[in-house]
Structures are given as structure tokens and as C-alpha cells.
Amino acid sequence: MKTKDIPEEATFSEYTHAAGGWGSVRALGSILRQEHVLTSGTRVLMKQNKPDGFACVSCSWAKPADPHVFEFCENGAKATAWEITDKRATPEFFARHTVTEFESWSDLELEAAGRVTHPMRYDDASDKYLPISWDKAFDEIGSALRAADAEKVVFYASGRASLETSYMYQLMARMYGNNNLPDSSNMCHESTSVALPKTIGVAVGTVTLDDFAATDCLLFFGHNTGTNAPRMLHSLEEVRKRGVPVITFNPLRERGLVSFVNPQSPLEMLTPARTAISSQYVQIKIGGDSAAVMGMAKWLIEADDVARETRQPRLLDAGFIADHTAGFEEFAAAARRADWNDIERRAGVSRAELEQAAQTYANARSAMLMYGMGVTQHREAVRTIHMLTNLLLLRGNIGRPGAGICPIRGHSNVQGQRTVGITEKPEMVPREKLKEQYCFDVPEKKGLNTVEACEEILKEKISAFFMLGGNFVRAIPDHSRMEPAWRKIPLTVQVVTRLNRSSVIHGRRSYLLPCLGRIEIDQQAGGAQAVSVEDSTGCMHGSRGMVKPASEHLLSEVAIVAEIAKRILIPNPRVNWNAWTADYSRIRDAIAETYPEIFHDFNERMWTPGGFARPLAARERKWKTGNGKANFITPDSLDEDPDMPADGPGVLRLMTTRGDSQFNTTVYGLDDRFRGVHGTRHVLLMNVADIGRLGLKEGDLVTASTVSQDGIARSVDDLRVHAFDIPAGCIMGYFPELNPLIPLAHHAKDSKVPAAKSIPVRLTRTQMQAAQPEDIVIGAPAP
Ligand SMILES: Nc1nc2c(c(=O)[nH]1)N[C@H]1C(S)=C(S)[C@@H](COP(=O)(O)OP(=O)(O)OC[C@H]3O[C@@H](n4cnc5c(=O)[nH]c(N)nc54)[C@H](O)[C@@H]3O)O[C@H]1N2
Ligand SMILES: Nc1nc2c(c(=O)[nH]1)N[C@H]1C(S)=C(S)[C@@H](COP(=O)(O)OP(=O)(O)OC[C@H]3O[C@@H](n4cnc5c(=O)[nH]c(N)nc54)[C@H](O)[C@@H]3O)O[C@H]1N2
Ligand SMILES: [Mo]
């Protein structure tokens with residue numbers, strides 16, 4: 001596949017500064033200007049993540065009860081500017097361009113058109129989106145869905161929609177007759193949701209913000225915090241100032257994990273006192289986490305064996321292991337048996353480094369472990385997460401202050417969507433309760449998750465695909481197979497704020513339903529409405545819109561779901577969709593009735609500063625697992641990607657990650673400041689030794705091709721080679737540009753999360769090299 005916007009203007013520089021600092025402030029000013037909201041944007045930002053304000057639409061990190069004056073980060077501010085932009089994609093704009101024309105636009109150009117202002121329907125004859133009235137759109141979509149076989153209709157959700165909308169959405173799908181509720185979590189932390197219930201009996205993390213003040217050690221796996229959850233840097237900074245060690249496991253040396261200058265602390269800005277974030281940086285190979293953790297566990301268990309024999313203080317929490325856990329002996333035997341050569345080879349780091357990390361961990365009274373996509377997006381991600389919990393259980397690091405596991409979630413309400421029932425797994429919802437509340441039979445058949453929905457689309461078995469936000473076609477793997485199949489779906493409907501690839505590559509009939517964003521005032525019959533979200537630490541927050549909507553024709557997501565529901569469901573006296581739309585507090589009452597343990601007194605508690613925490617049994621050392629214990633789970637192997645060909649000559653492991661100027665498929669700009677990449681996203685960051693070994697040089701254009709056994713050719717051209725501090729054999733490129741390289745079948749076992757972090761590729765020079773740009777700068781200081 002030939003890529004667009006060949007990087008003519010690409011420049012590379014080594015980013016030697018800390019994350020944050022003046023660079024952040026400059027970047028913030030430029031995005032506010034780019035979206036033409038310099039003055040209004042600044043006012044809005046003051047309310048971001050405040051107890052009486054709105055919850056940021058970017059990441060899902062916790063919102064403190066006593067916020068900073070500026071409780072937002074550079075990237076949260078970018079997401080805000082993106083939503084409150086004054087750019088508009090009006091019917092006149094759509095009249096000027098055919099959809100075929102849009103296909104040649106980059107993701108950046110598509111979204112740069114601005115907020116969609118009117119409901120639109122694709123018109124075959126003119127190959128354009130034409131405006132349509134809301135009523136007509138709802139009626140047409142409604143009659144198509146009524147005529148469809150319920151099992152062939154999919155209701156996707158991207159993790160931004162509120163708890164209120166999400167609850168209504170899942171109820172609508174189930175009343176309609178299926179559990180086909182895949183969501184972005186299926187590409188994200190689903191590995192967590194599958195792994196943790198078996199080990200500690202909850203599907204979410206156990207850490208809250210308070211734990212940062214009580215911890216003595218932080219272990220950090222596979223998360224690029226400086227870019228993807230920058231507000232957490234404040235907590236990390238405080239932890240480091242107390243002298244608490246932070247051990248990072250990451251193949252890339254990420255600036256935001258190396259050091260940080262607080263861009264909101266004038267003192268630090270004037271005297272660039274950078275805080276060293278990581279006290280030890282363990283630069284493992286891609287997919288080396290299980291091996292690294294096994295090395296640490298081996299050292300701990302063997303050192304504890306010695307301590308026990310010599311009557312020295314123990315390294316393991318023997319009391320906790322005896323009282324609370326099962327499976328320890330088997331795991332300990334496997335750790336004792338594990339071979340250091342094998343561990344070193346798989347982890348790609350030395351025994352000494354792992355022993356040092358283990359020793360630091362052993363010295364800490366309480367330790368927390370955080371992780372992101374570097375862990376969840378591998379074939380054996382679920383097993384790796386079991387390894388992470390094994391390490392915590394060895395020292396009783398679950399269920400006490402300053403300890404715990406913290407999966408860092410992505411979208412701002414992705415965890416909450418699951419909590420209120422958006423899941424394809426019927427056993428995850430209180431079916432009896434829903435039946436009692438609404439008098440209907442909740443479908444029992446498991447629904448489709450993201451990968452399964454893609455498989456059905458490939459088989460042409462899906463008749464309608466409804467998207468509550470997101471950019472499904474762009475976020476999924478295997479674009480060159482999926483895009484042609486996607487175009488054959490009889491009906492695609494997208495609830496959107498901005499134009500994106502999934503609007504342009506569309507089903508035979510296609511509708512764009514433009515909605516209010518969370519920052520906009522949501523005026524309904526019962527007055528201005530607020531919504532709520534759950535953060536990564538299981539705390540629920542209210543969120544109130546504060547800016548004038550981008551267009552008077554927008555409807556709220558709640559209203560859109562209600563209108564569709566009214567048209568596709570048999571009227572049910574127990575659900576008054578109109579009343580719910582008029583007054584969202586009534587939806588919250590319904591949520592509280594379904595989930596009383598979590599959401600009792602929801603309306604009163606939603607404005608609690610810092611949010612109200614959901615009860616979590618594991619936090620109290622109550623284990624809701626099959627055997628009532630916290631479980632050590634012994635891995636059958638340490639190989640995280642067993643479907644990868646052996647790392648033979650020429651085969652490299654590719655991870656696809658986010659850069660600093662994007663929110664997932666929404667690309668704000670072409671720079672990735674902290675990694676020193678400017679003006680392009682068609683780049684491969686490589687180890688110098690690999691560049692030399694493959695006979696390449698800095699700046700060469702290469703084609704990456706997937707190594708797979710299925711006989712399907714997958715490649716991306718025109719990727720510029722750039723030397724970077726990354727282990728030999730490992731390379732990095734950007735999501736979503738490199739998604740054509742991921743085979744759909746290359747996904748995590750059990751959780752089915754696409755294995756976006758370990759794609760086996762070969763590189764060849766791209767034929768017909770473009771002229772070398774003259775302005776490539778290497779190794780110069782960042783501008
Ligand atoms: N500004 C901004 N914020 C965001 C997003 C965004 O796009 N932009 N996206 C949101 C979403 S939906 C999500 S899920 C999160 C994602 O946030 P992250 O979890 O940080 O996701 P990635 O950008 O994919 O970065 C993965 C990190 O894991 C490392 N890594 C890759 N492979 C391995 C491995 O095998 N082992 C280890 N230990 N590390 C590895 C990479 O070097 C990189 O640092 O961020 C959320 N927040
Ligand atoms: N190769 C590779 N692929 C990946 C990943 C990876 O690391 N590597 N990460 C995966 C992960 S973690 C995730 S979460 C998925 C993301 O997959 P998605 O969640 O489907 O994609 P996003 O890019 O977050 O969706 C962006 C779109 O959401 C719409 N939008 C924004 N705000 C609103 C709103 O308020 N309401 C509505 N209705 N729409 C809105 C806009 O139109 C915007 O274009 O991608 C996955 N894909
Ligand atoms: Mo995500």
C-alpha cells in the first residue's frame with residue numbers, strides 16, 4: 001500500500017530536554033491558535049477536570065479532589081481545542097467535495113475540516129454527503145434496523161461516551177436482541193479485564209490517587225506517560241521528590257519517563273529543575289516483560305529461600321501468601337527452575353539489571369505497578385498480566401495503602417462503559433436485575449467483540465454497523481483486507497463530532513449523525529444536563545458542558561440513542577426514552593437501580609470532589625475468584641508472541657504507538673516532540689546496528705512487509721529510517737498509519753486484543769526513492 005503525504009518536510013532532532021517545560025506551553029498556544037480559540041480556549045481550560053467543571057475528553061487519568069489551578073496537560077488542552085474549534089464541516093463544505101475526493105485526504109486533513117454541523121446521508125448519485133433532517137435520518141435508520149436480523153447488527157462504542165449514554169446504548173442493543181457491543185476496550189485493556197478476575201477477582205485496577213502518597217516503589221510497564229496520561233506526571237513528580245524509586249520497563253527511552261519539568265510550576269520553569277522520573281530504566285526487548293518479571297520473581301524467591309534457611313528477615317510476605325493466595329508453590333517451583341540465560345535472552349537485559357530491580361522492589365514496604373498498551377497488545381498479554389500480579393502477590397502488594405495494580409486506561413470513560421454494561425459478554429451484566437427492572441429477556445448468546453465483528457464483516461455477514469463515536473475502520477488491524485469488506489456492509493451509521501476515515505470508507509448506505517461534545521452545553525427539556533464518567537482508578541465524576549454548541553443542529557448522544565431506540569424497539573412501559581432525554585438524572589436513577597452497590601445515591605454523589613470510588617473487593621483483600629483466593633498463575637512459557645517467526649536474520653519486531661500530536665486516530669499535527677520527530681509520521685525508529693546490518697542509512701525510505709504464513713501480502717511504503725535508542729531487533733512506528741501491517745489473526749489469546757506491539761516485519765528499500773529532502777536535521781537540539 002502506497003502511503004500519502006510522503007515526508008518532504010521531515011526533520012529529526014534529538015530531544016534532549018525534559019518532558020513538559022516551555023515546549024509544552026508553546027505547543028499549547030499553537031493548538032489554540034490553530035483551532036482559532038486562543039481566548040475562549042484559555043477560559044474553558046480553567047474548568048477542565050475541576051469538581052464543578054468538565055471531565056477532560058482526552059485520557060482517563062484520575063481527577064484529584066484538590067486540583068491544581070491548571071488541572072490539564074498539553075495533550076488534554078489539545079483535545080479540548082479540537083472539540084471547541086471554530087472550524088466547521090457544513091453542508092456547503094460537503095457539497096464541494098465528493099467522497100472519492102475525501103479518500104485521498106490524510107486523517108489530519110479530514111478532521112481539520114472541523115465539527116460536522118448537520119446530519120448527513122451519503123448520496124450514491126453525486127458521491128457526496130447531503131444534508132438530511134433528523135427525523136428522516138432516524139426513520140430510515142430505524143426501518144433498516146427493524147428489517148435486519150438482530151444478530152447481524154453491531155453496536156460499537158468508543159470509550160468517550162458518558163455513563164448515561166452508554167447505559168442507554170447497551171440497553172437498546174439488548175432489547176433489540178443482541179450482545180453485539182464491541183468497544184474500543186476490545187483493542188485496548190480487554191486483556192486486563194480478562195486477566196485480573198482470575199488472579200484478584202476484579203476486572204479493574206486497585207490503585208487510587210491516595211496510594212501515591214503512601215507508596216514506597218513504583219513499577220512501570222509499557223506506558224508512555226508523558227504523552228498519554230501527562231497529568232499523572234504530577235503524581236510521579238511528588239513520588240520522586242519523596243525519594244521513592246520508579247523502575248521503568250520500556251524498550252524505548254521515552255522522555256516523559258526519563259525526566260519532567262512541570263510546565264505549570266513557574267518556579268521550575270524559571271529554574272529548569274527537572275525531576276528524574278525513572279530511578280532505573282530497564283530497556284527490555286519488545287515482548288520481554290514476562291521474562292523480566294520472571295527474573296525478578298526468581299531472584300526474590302531464591303533470596304527468600306536463603307533467608308528462611310538462615311533465619312533472616314523474609315523477602316516474601318509469607319503470611320499473606322498462606323492466608324490469601326493459592327498456587328504459590330507451583331509458581332515458586334517454576335521460578336526456581338527458570339533459566340537465567342533464557343530470561344536474559346527473552347527480556348533482552350542482563351541478570352544484574354533484573355536483580356537490581358528485584359532488590360529495590362524487595363526493599364519497599366508498599367509497591368504499585370502501572371501498565372499500558374506495551375503489555376496489553378501482545379499475543380500472550382493475558383499471561384503477562386498474570387505475571388505482573390504474581391510479582392505483586394509475592395510481597396502482599398494488593399489490598400493495602402500504597403500498593404496495588406493500576407492498568408492505565410485509555411479513553412476518558414472506557415472503564416465506565418464496561419461498568420454500565422457495554423460488553424459483548426452477557427455474563428458481565430446483571431441479567432436478572434435488568435429483566436426485573438425492564439421486563440424483557442436479556443439475550444444470552446455471547447455477542448461479537450471487535451476482532452469477531454471484523455471476521456464477520458470479512459465474511460459479509462454484517463448487515464448494519466452502528467458507531468457511537470470512534471473511528472473503527474482506522475483503529476482496527478489489516479486495513480487492506482478490512483476496507484473493501486467494510487464498503488460492502490449494507491448500512492453504516494456514525495455518531496460523530498468530526499469527519500474521519502470511517503465516514504469516508506463507508507457502507508452502501510451511510511449516515512453521519514453529529515453530536516454534542518462533552519464540553520458543550522447540553523440543553524434539554526429539563527434544563528442544561530450534566531453527564532458522568534469513571535476514571536482509571538474507579539472514581540466517578542460529574543461533568544458539565546460550558547461552551548455554546550458548535551451548531552444548533554447538534555443532538556446529544558443521549559438524544560440520538562433515545563431516538564433510535566424509539567424506532568427500533570417495541571414500546572416498553574418501563575422505559576420512557578423521552579423522559580430520560582429530558583432529564584439525565586432519571587437515567588442515573590435507573591443506573592443506580594441496576595448497580596446499587598456502585599451507584600447508590602448517584603445524583604447526590606456525582607459532584608464529590610475527586611469523584612466517588614466504586615467498592616472494590618480486592619482493595620479489601622476479599623477475593624471474588626472461583627476459589628475465593630488471590631491466585632498465582634504459573635506461565636506455560638515466557639514467549640509473548642508465539643506466532644512470531646523466530647527472530648531470524650532480517651525479521652524485526654515492530655511496535656505501533658502514539659506520538660505526541662494525536663489522540664488515537666485523530667492526528668493534530670505531524671510532530672512527535674519528545675521523540676524528536678518533526679513533520680512526518682511515516683517513520684521507523686530503529687537501532688543503529690540494525691540500520692547498518694540491513695545496509696540502510698539514516699533517512700532512507702523503506703517498505704515494511706509483514707512476515708506471516710497466511711499468504712496475504714501486507715506492506716506499507718515510504719517509511720523513513722531514523723536511528724533511535726531502542727534495542728536491536730525492535731522497531732517503532734505510528735498507529736494508525738501502520739495498521740495495514742497487523743494481521744487480524746495476530747491478536748491476544750483470550751482477550752482478542754490486536755497484537756499491535758509485536759508485528760514481525762521485513763524491510764526493503766521502497767522502489768523509486770523519492771528525492772532526498774534537503775532539510776533533514778539529525779542530532780541538532782530541539783527547536
Ligand atoms: N495524548 C494522548 N493521550 C492518550 C491517547 C492518545 O492517543 N493521545 N490515547 C489514549 C488511549 S485510548 C490509550 S489506550 C492510552 C495509550 O497509552 P500507552 O499505553 O502509552 O500507549 P502507546 O502510545 O501505544 O505506547 C505504548 C508504550 O509501551 C511501550 N512498549 C511497546 N511494546 C512494549 C513491550 O513489549 N513491553 C513494554 N514494557 N513496553 C512496550 C512503548 O515504547 C510505549 O512507551 O493513552 C490514552 N491517552
Ligand atoms: N496499531 C495500533 N492500533 C490501535 C492501537 C495501537 O496502539 N496500535 N490502539 C488501540 C486502542 S488502545 C484504541 S482505544 C482504539 C481507538 O479506537 P476508536 O476509539 O474507535 O478511535 P478514536 O481515534 O479514539 O476515535 C476518534 C473519533 O471519535 C469521534 N469523537 C470525538 N469526540 C466524540 C464525542 O464526544 N462523541 C462522539 N460520538 N464521537 C466523538 C471523532 O469523530 C473522532 O474522529 O485504537 C486501537 N488501535
Ligand atoms: Mo485505548
Side-chain angles (χ1 to χ4, degrees), residues 57-61 73-76 78-79 82-83 107 110-111 116 156-162 165 183-189 220-225 227-230 248-254 256-257 282 284-289 292 371-378 384 408-412 414 450 467-477 494-503 513-520 557 560 640-641 653 655-666 668 726 730 732-739 741-742 753-754 756-759:
V57 295
S58 188
C59 83
S60 56
W61 188 239
C73 67
E74 172 191 340
N75 286 337
K78 282 183 194 164
W82 207 248
E83 185 167 311
D107 295 318
L110 287 175
E111 292 222 9
V116 179
Y156 172 70
S158 157
R160 189 177 293 202
S162 64
T165 310
D183 79 344
S184 56
S185 173
N186 290 147
M187 301 180 245
C188 189
H189 264 294
F220 229 94
F221 289 82
H223 187 265
N224 182 13
T225 312
T227 291
N228 295 328
T248 296
F249 298 81
N250 199 310
L252 275 188
R253 281 189 83 79
E254 303 278 24
L257 293 169
V282 187
I284 54 172
K285 283 206 305 210
I286 296 174
D289 302 82
Y371 65 96
M373 296 299 104
V375 168
T376 64
Q377 296 177 332
H378 287 280
T384 307
I408 307 164
R409 303 269 167 173
H411 272 293
S412 51
V414 65
T450 290
M467 286 162 276
L468 181 63
N471 188 4
F472 190 79
V473 165
R474 199 67 178 140
I476 56 175
Q494 221 190 348
V495 180
V496 282
T497 50
R498 296 233 191 187
L499 184 61
N500 64 32
R501 190 68 53 195
S502 307
S503 341
L513 307 182
C515 66
L516 291 172
R518 195 187 294 152
I519 310 170
E520 290 170 317
E557 291 180 324
I560 293 173
E640 285 186 24
D641 295 278
R653 280 179 191 232
M655 55 157 129
T656 53
T657 74
R658 293 149 181 79
D660 185 47
S661 307
Q662 73 185 98
F663 188 89
N664 297 339
T665 66
T666 298
Y668 308 122
I726 183 170
C730 299
M732 191 223 91
Y734 292 108
F735 148 56
E737 286 79 357
L738 297 184
N739 284 36
L741 296 174
I742 312 175
V753 171
K757 295 295 185 274
S758 204
I759 313 159

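Just so it is clear, the model here is predicted, and its values are computed rather than measured. Atoms within each ligand, like the ligands themselves, are counted from 1 in listed order.
Residue Asn739 has at least one N or O atom closer than 3.5 Å to an N or O atom of ligand 2. Where the criterion is an N or O separation shorter than 3.5 Å, residue side chain and backbone included, Glu254 meets it with respect to ligand 1. Residue Val495 has at least one N or O atom closer than 3.5 Å to an N or O atom of ligand 2. Considering backbone and side-chain N/O of Gly287, one or more are found under 3.5 Å from N/O of ligand 1. No N or O atom of Thr657 sits closer than 3.5 Å to an N or O atom of ligand 1. Here's the thing with Thr225: none of its N/O atoms is less than 3.5 angstrom from an N/O atom of ligand 1. Considering backbone and side-chain atoms alike, Lys285 places every N or O at 3.5 Å or more from each N or O of ligand 1. For the pair Gly470 and ligand 2, the shortest N or O to N or O distance falls below 3.5 Å. At under 3.5 Å, a nitrogen or oxygen of Asn228, whether backbone or side chain, sits near a nitrogen or oxygen of ligand 1. For ligand 2, the polar-atom distance check against Ser184 finds no nitrogen or oxygen pair separated by under 3.5 Å. Between Phe249 and ligand 1, at least one pair of N/O atoms sits closer than 3.5 Å. Polar contact check, Met655 against ligand 1: no nitrogen or oxygen pair lies under 3.5 Å apart. Checked by distance only, ligand 1 and His411 stay at 3.5 Å or farther apart across all their nitrogen or oxygen atoms. Between Gly222 and ligand 1, a contact under 3.5 Å exists for at least one N or O pair.
Taking a cut-off of under 4.0 Å to the non-hydrogen atoms of Cys188, the atoms of ligand 2 that pass are 12 (S). Taking every non-hydrogen atom of Ile286 and a distance limit under 4.0 Å, the qualifying atoms of ligand 1 come out as 35 (O). Close approach of ligand 2 to Thr656 (heavy-atom distance below 4.0 Å) involves ligand atoms 1 (N), 2 (C), 7 (O), 8 (N). Which parts of ligand 2 touch Gly469 is read off a 4.0 Å heavy-atom cut-off, strictly below it: atoms 37 (C), 38 (N), 39 (N). For ligand 2 and Gln377, the ligand atoms under 4.0 Å from any heavy atom of the residue are 5 (C), 6 (C), 7 (O), 9 (N), 10 (C), 12 (S). Atoms of ligand 2 lying under 4.0 Å from at least one heavy atom of Cys515, given by number and element, are 36 (N), 37 (C), 38 (N). Every atom of ligand 2 is numbered from 1 in the order shown, and the set under 4.0 Å from a heavy atom of Glu111 is 43 (C), 44 (O).
Phe663 carries Arg160 over the face of its six-membered ring, with the cationic atom under 6.0 Å from the centre and within 45° of the normal.
Residue contacts with ligand 2, taken as heavy atom pairs separated by less than 4.0 Å, involve Thr665 via backbone and side-chain atoms alike. Under 4.0 Å from ligand 2, the heavy atoms of Asn500 that appear belong solely to its side chain. Looking at Val57 against ligand 2, nothing comes within 4.0 Å, counting heavy atoms. Only the side chain of Met373 comes within 4.0 Å of ligand 2, counting heavy atoms alone; its backbone N, CA, C and O stay farther away. Contact annotation for Ala756 and ligand 2: only side-chain heavy atoms (C-beta onward) come within less than 4.0 Å of the ligand. Contacts with ligand 2 closer than 4.0 Å are made by side-chain heavy atoms of Arg160 only, the backbone lying farther away.
Side chain of Arg653 to main chain of Ser758: no donor-acceptor pair is present (N/O by atom type, distance under 3.5 Å, no hydrogens or angles). A donor-acceptor pair under 3.5 Å is formed between the side chain of Asn186 and the backbone N or O of Thr450.
Of the protein's non-hydrogen atoms, Arg658 NH1, 3.4 Å is the one closest to atom 22 (P) of ligand 1. The protein non-hydrogen atom at the shortest distance from atom 26 (C) of ligand 1 is Lys757 CE, 3.7 Å. The nearest protein atom to atom 4 (C) of ligand 2, hydrogens excluded, is given as Phe735 CE1, 3.3 Å; this is a heavy-atom distance. Among protein heavy atoms, atom 8 (N) of ligand 1 sits closest to Gln662 O, 2.7 Å. Counting protein heavy atoms only, atom 36 (N) of ligand 1 is closest to Asp289 OD1, 2.7 Å. Gly374 CA, 3.5 Å is the protein heavy atom nearest to atom 30 (N) of ligand 1. Looking from atom 1 (N) of ligand 1 to the surrounding protein, the closest heavy atom is Thr227 O, 3.1 Å. The protein atom (non-hydrogen) at minimum distance from atom 7 (O) of ligand 1 is Asn664 N, 2.6 Å.
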For Arg658 and Asn228, run side chain to side chain donor-acceptor pair (under 3.5 Å): C-alpha distance rounded to whole Å, both residues' side-chain angles, the deciding distance at 0.1 Å, then the answer. CA-CA 8 Å; Arg658 293 149 181 79; Asn228 295 328; 4.8 Å; no

From CA spacing to verdict: side chain to side chain donor-acceptor pair (under 3.5 Å), Arg518, Ser412: CA-CA 11 Å; Arg518 195 187 294 152; Ser412 51; 2.8 Å; yes

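Evaluated for a side-chain contact (heavy atoms from CB on, under 4.5 Å) with Ile759, the options Thr656, Asn739, Leu738 yield exactly one hit, Thr656. Evaluated for a side-chain hydrogen bond (donor to acceptor under 3.5 Å, both in side chains) with His411, the options Ser58, Ser185, Ser158 yield exactly one hit, Ser158.
Taking 4.0 Å as the cut-off, Pro251 counts as a neighbour of ligand 1 on heavy-atom distance.
In this structure, of Val414, Asn250, Leu252, Ile284, the residue bringing a heavy atom nearest to atom 41 (C) of ligand 1 is Asn250. The residue from Trp61, Tyr371, Phe663, Phe221 that puts a heavy atom closest to atom 10 (C) of ligand 1 is Phe663.
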